[in-house]
Amino acid sequence: MTEAEWIEKGKEAYSRMDWKGCLDSYAEAIKLNPNSDAVELRKMAMEIIEFYCKDIYNP
């Protein structure tokens with residue numbers, strides 16, 4: 001898959017609140033291009049997860 005396809009897949013996962021799929025897709029895009037827009041998208045998704053899903057990290 002291309003970087004753009006991984007980013008699109010990450011956005012689709014984000015819209016479904018599939019956090020693992022979202023972060024994994026962005027990570028794959030970043031592997032292909034370390035300067036990808038996915039860097040910022042992944043950072044924003046992590047901030048949302050850390051804010052709204054605290055129980056994921058602190059059961």
Side-chain angles (χ1 to χ4, degrees):
M1 291 178 70
T2 67
E3 172 193 354
E5 290 171 329
W6 280 116
I7 290 173
E8 187 59 35
K9 186 174 179 178
K11 289 178 180 179
E12 290 171 7
Y14 178 89
S15 70
R16 295 188 314 270
M17 294 184 170
D18 172 11
W19 304 120
K20 182 176 179 347
C22 172
L23 296 175
D24 290 348
S25 296
Y26 292 153
E28 290 297 325
I30 293 167
K31 283 182 191 176
L32 295 174
N33 177 8
N35 298 318
S36 171
D37 291 340
V39 173
E40 191 63 29
L41 292 168
R42 190 171 195 281
K43 180 181 171 187
M44 288 189 294
M46 281 301 299
E47 289 174 358
I48 291 168
I49 293 166
E50 289 169 358
F51 184 80
Y52 288 109
C53 304
K54 292 179 183 171
D55 58 327
I56 290 174
Y57 297 109
N58 299 309

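Heavy-atom basis, side chains included; hydrogens, waters and symmetry copies ignored.
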query: With a 4.5 Å limit on heavy-atom distance, are the side chains of E12 and D18 in contact?
result: no
field: Residues forming a side-chain hydrogen bond (donor to acceptor under 3.5 Å, both in side chains) with D37, sequence neighbours excluded
entry: none
- request: Taking the side chain as every heavy atom from C-beta outward, state whether Y26 and V39 have any atom pair closer than 4.5 Å.
  value: no
task: Only counting residues at least two apart or in another chain, list the ones meeting side-chain hydrogen bond (donor to acceptor under 3.5 Å, both in side chains) with E28.
output: K31
query: Under the side-chain contact (heavy atoms from CB on, under 4.5 Å) test, which residues partner M17, sequence neighbours left out?
result: W19
query: CD1 of I30 to CZ of R42: how many Å apart, nearest 0.5 Å?
result: 6.0 Å
task: Mind listing the closest non-hydrogen atom pair of G21 and A13 along with its distance?
output: C-CB, 3.7 Å
statement: Residues passing the side-chain contact (heavy atoms from CB on, under 4.5 Å) test with E47, sequence neighbours excluded, are K43
Could you pull out every donor-acceptor pair under 3.5 Å between side chains of residues 1-9 and any protein atom, sequence neighbours left out?
from	atom 1	to	atom 2	distance (Å)
T2	OG1	E5	N	3.2
T2	OG1	E5	OE1	3.4
E3	OE1	N33	ND2	3.2
E3	OE2	S36	OG	2.6
E5	OE1	T2	N	2.8

task: Could you give me the CA-CA distance, side-chain angles and deciding distance for Y14 and I48, then say whether side-chain contact (heavy atoms from CB on, under 4.5 Å) is met?
output: CA-CA 11 Å; Y14 178 89; I48 291 168; 3.0 Å; yes
query: Sequence neighbours excluded, which residues qualify as side-chain contact (heavy atoms from CB on, under 4.5 Å) partners of D24?
result: K20
